[in-house]
Amino acid sequence: MIIFVVNCGSSSIKYQLLNMNGEQVLAKGLIERIGMEGSVLKHTPTGKYTVDISAEIPDHSVGIQMALDALTNEEYGVIDSMDEIDAVGHRVVHGGERFTDSVLISDDVLNGIEACAEIAPLHNPPNLYGIKACMRLMYNTPQVAVFDTAFHQTMPKVAYLYGLPYEMYVKYGLRRYGFHGTSHKYVAQQAAEMMGEHMSDLRFITCHLGNGASIAAIKYGKSIDTSMGYTPLEGLVMGTRSGEIDPAIIPFLMEKENMNAQQIDDYLNRRRGILGISGLSSDFRDLESAANRGDERSQLAIDIFAYKVKKYIGGYVAAMGGVDAIIFTAGLGENSPFMRDKICNGLEYLGTRIDPELNKLRGKQMEISIKRARVKIFVIPTNEELVIARDTLNICRRIIKL
Ligand code: ADP
């Protein structure tokens with residue numbers, strides 16, 4: 001069974017082709033600068049060199065066709081023809097309240113994803129371009145949508161309702177949805193496997209710390225709370241996103257800095273966060289080296305980030321009445337011993353401590369807490385593509401008996 005996994009952003013497409021016999025990645029690729037000058041496809045067959053293909057890529061449809069051409073290319077392709085692809089799995093950012101799990105895409109599902117675009121105007125439209133392009137180019141191949149929000153649909157009302165009139169929730173769907181669901185779910189499953197137990201017996205706090213960052217409380221297999229909200233802007237201070245702020249700051253800034261609604265949204269999403277505090281960079285690698293050289297604002301940005309993560313961990317321990325493991329994942333969580341140490345320093349009251357030697361390792365699945373710690377700490381590289389491929393396989397097997 002061969003599955004094509006597609007993740008369309010506004011100007012990019014990430015893809016992987018997986019053989020689900022042994023869950024092997026056959027090839028992966030990245031298309032950037034769609035609709036701009038200098039667009040390029042970087043295609044990597046597993047175990048071989050990356051091929052850079054520069055071409056005019058005016059839209060996602062052309063991009064998907066190029067990816068399929070690369071996958072079937074005589075020289076660097078990995079399959080002989082598109083017909084070898086059994087199913088396509090699409091990452092879709094927002095599934096609203098309707099999509100509580102991955103689904104086989106039909107016209108009705110397409111309409112549902114389109115309806116969610118109102119709450120996710122930046123994310124869902126490009127996801128839809130990708131789905132429609134694949135449906136056109138591979139019209140006999142089943143397509144499955146896997147939603148970033150679905151895993152968090154188990155949150156109870158106490159966790160997802162804002163202090164706004166209830167009618168605003170009913171009328172506009174104004175509530176917390178949460179994101180990075182496939183990542184939180186994957187690392188929790190992996191941790192349960194490493195502990196030799198079932199997720200349904202364990203309480204996890206999963207820290208997805210990348211450029212976008214969120215934390216989830218996963219109690220007995222279900223997400224019961226997460227730090228992102230109606231949009232990915234809520235929660236932790238992030239690379240370029242402010243995270244939670246007093247809402248009264250928004251009209252204040254709009255007036256003082258002469259910004260309209262669109263401009264303030266852009267300001268809080270793209271130019272604040274760690275970048276805004278440090279005035280230097282949204283990348284923690286830059287901040288760590290600047291802080292080592294004595295740059296105070298870079299140090300402050302690091303301290304604020306770690307403090308916020310620690311506060312969420314404390315909050316989620318309280319929400320779940322305890323915790324069995326804390327898991328770090330995504331760019332920063334997987335690769336920064338310094339940040340992991342800073343976050344966990346002071347959590348000894350929980351019955352855990354980082355082992356400094358184990359914590360030096362980067363980017364591989366491992367336990368980094370001291371021996372016999374009551375609460376374990378894991379680093380688990382995320383693999384959202386694999387979750388999408390697994391869900392696609394399961395749905396195709398179950399519904400269309402592929
Ligand atoms: P996203 O998918 O949200 O764009 P990633 O999960 O790829 O983000 O994470 C990217 C971020 O991870 C970078 O901006 C950087 O801050 C951080 N990062 C990656 N590698 C390292 C490292 N070796 N040390 C510290 N931070 C790192």
Side-chain angles (χ1 to χ4, degrees), residues 5-16 28-33 42 91 93 120 122-123 126-127 148 178-187 206-216 226-228 231-243 269-293 295 297-306 308-309 327-344 354 359-366 368 379-388:
V5 173
V6 178
N7 178 358
C8 286
S10 58
S11 64
S12 70
I13 302 174
K14 280 189 210 157
Y15 64 85
Q16 278 192 14
K28 54 173 81 170
L30 171 66
I31 300 173
E32 286 179 301
R33 303 184 61 81
K42 291 175 189 291
R91 177 196 181 209
V93 170
L122 295 179
H123 296 106
N127 299 158
D148 266 26
F179 298 86
H180 294 141
T182 44
S183 177
H184 288 292
K185 178 177 162 186
Y186 174 76
V187 298
T206 48
C207 308
H208 178 110
L209 310 180
N211 201 18
S214 68
I215 307 198
T226 189
S227 57
M228 285 179 167
T231 74
L233 187 54
E234 193 183 337
L236 297 170
V237 56
M238 302 175 217
T240 62
R241 294 187 188 123
S242 65
N269 267 296
R270 294 187 214 272
R271 287 187 270 150
R272 300 303 103 202
I274 295 305
L275 171 64
I277 297 166
S278 68
L280 182 81
S281 171
S282 62
D283 192 309
F284 280 95
R285 284 164 287 201
D286 299 336
L287 299 193
E288 284 183 23
S289 45
N292 283 337
R293 291 194 305 271
D295 186 90
R297 277 176 54 190
S298 295
Q299 185 63 55
L300 184 61
I302 290 169
D303 292 347
I304 290 173
F305 183 84
K308 291 249 178 199
V309 175
I327 304 156
F328 289 100
T329 191
L332 181 67
E334 291 166 25
N335 296 299
S336 177
F338 170 78
M339 184 58 83
R340 295 193 295 251
D341 187 55
K342 205 166 174 53
I343 292 167
C344 293
I354 275 188
N359 188 38
K360 281 183 189 154
L361 303 170
R362 288 166 194 256
K364 70 185 255 260
Q365 187 162 308
M366 59 195 168
I368 56 166
V379 173
I380 300 183
T382 194
N383 195 339
E384 288 158 289
E385 289 79 9
L386 184 58
V387 178
I388 295 173

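Along the sequence shown, the residues carry numbers beginning at 1. In each ligand, atom 1 is the first atom listed, and ligand 1 is the first ligand listed. Values below: every heavy atom of this structure, side chains too, minus hydrogens, waters and symmetry copies.
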Where ligand 1 meets G210 - atom numbers and elements under 4.0 angstrom, heavy-atom basis: 5 (P), 6 (O), 8 (O), 9 (O)
Minimum-distance protein heavy atom relative to atom 17 (C) of ligand 1: L332 N, 3.7 Å
Pairwise distance OG1(T231) to NE2(H123) - rounded to 0.5 angstrom: 9.0 Å
Under 4.0 Å to a heavy atom of R362 - the qualifying atoms of ligand 1, by number: 23 (N)
Sub-4.0 Å atoms of ligand 1 with respect to non-hydrogen atoms of F284: 15 (C), 16 (O), 26 (N)
Pair F284-F338, ring pair (Phe, Tyr, Trp, His ring centres under 6.0 Å): steps then yes or no: CA-CA 10 Å; F284 280 95; F338 170 78; 9.5 Å; no
N or O contact, G331 vs ligand 1, cut-off under 3.5 Å: yes
Contact check, side chains of F328 and C344, non-hydrogen atoms, under 4.5 Å: yes
Closest to atom 13 (C) of ligand 1 (judged by heavy-atom distance), picking from R285, M238, H180, K14: R285
Of the listed options L287, T382, D283, closest to atom 15 (C) of ligand 1 (non-hydrogen atoms): D283
M339 and ligand 1 - part of the residue with a heavy-atom distance under 4.0 Å: neither
Close side-chain approach of F305 and I274, heavy atoms under 4.5 Å: yes
Short N or O distance, N211 and ligand 1, threshold 3.5 Å exclusive: yes
Residue among D148, T329, T382, T206 satisfying side chain to side chain donor-acceptor pair (under 3.5 Å) with S183: T382
Aromatic plane relationship, H208 with H180 - under 30° parallel, 30 to 60° tilted, over 60° perpendicular: parallel
Test: D295 and R293 ion pair at under 4.0 Å: no
Any side-chain heavy-atom pair of E288 and I302 under 4.5 Å: yes
Ligand-residue contact atoms, ligand 1 with S336, heavy atoms, under 4.0 Å: 25 (C)
Within-cutoff protein neighbour (heavy atom, under 4.0 Å) for atom 5 (P) of ligand 1: yes
Check: G212 N/O within less than 3.5 Å of ligand 1 N/O: yes
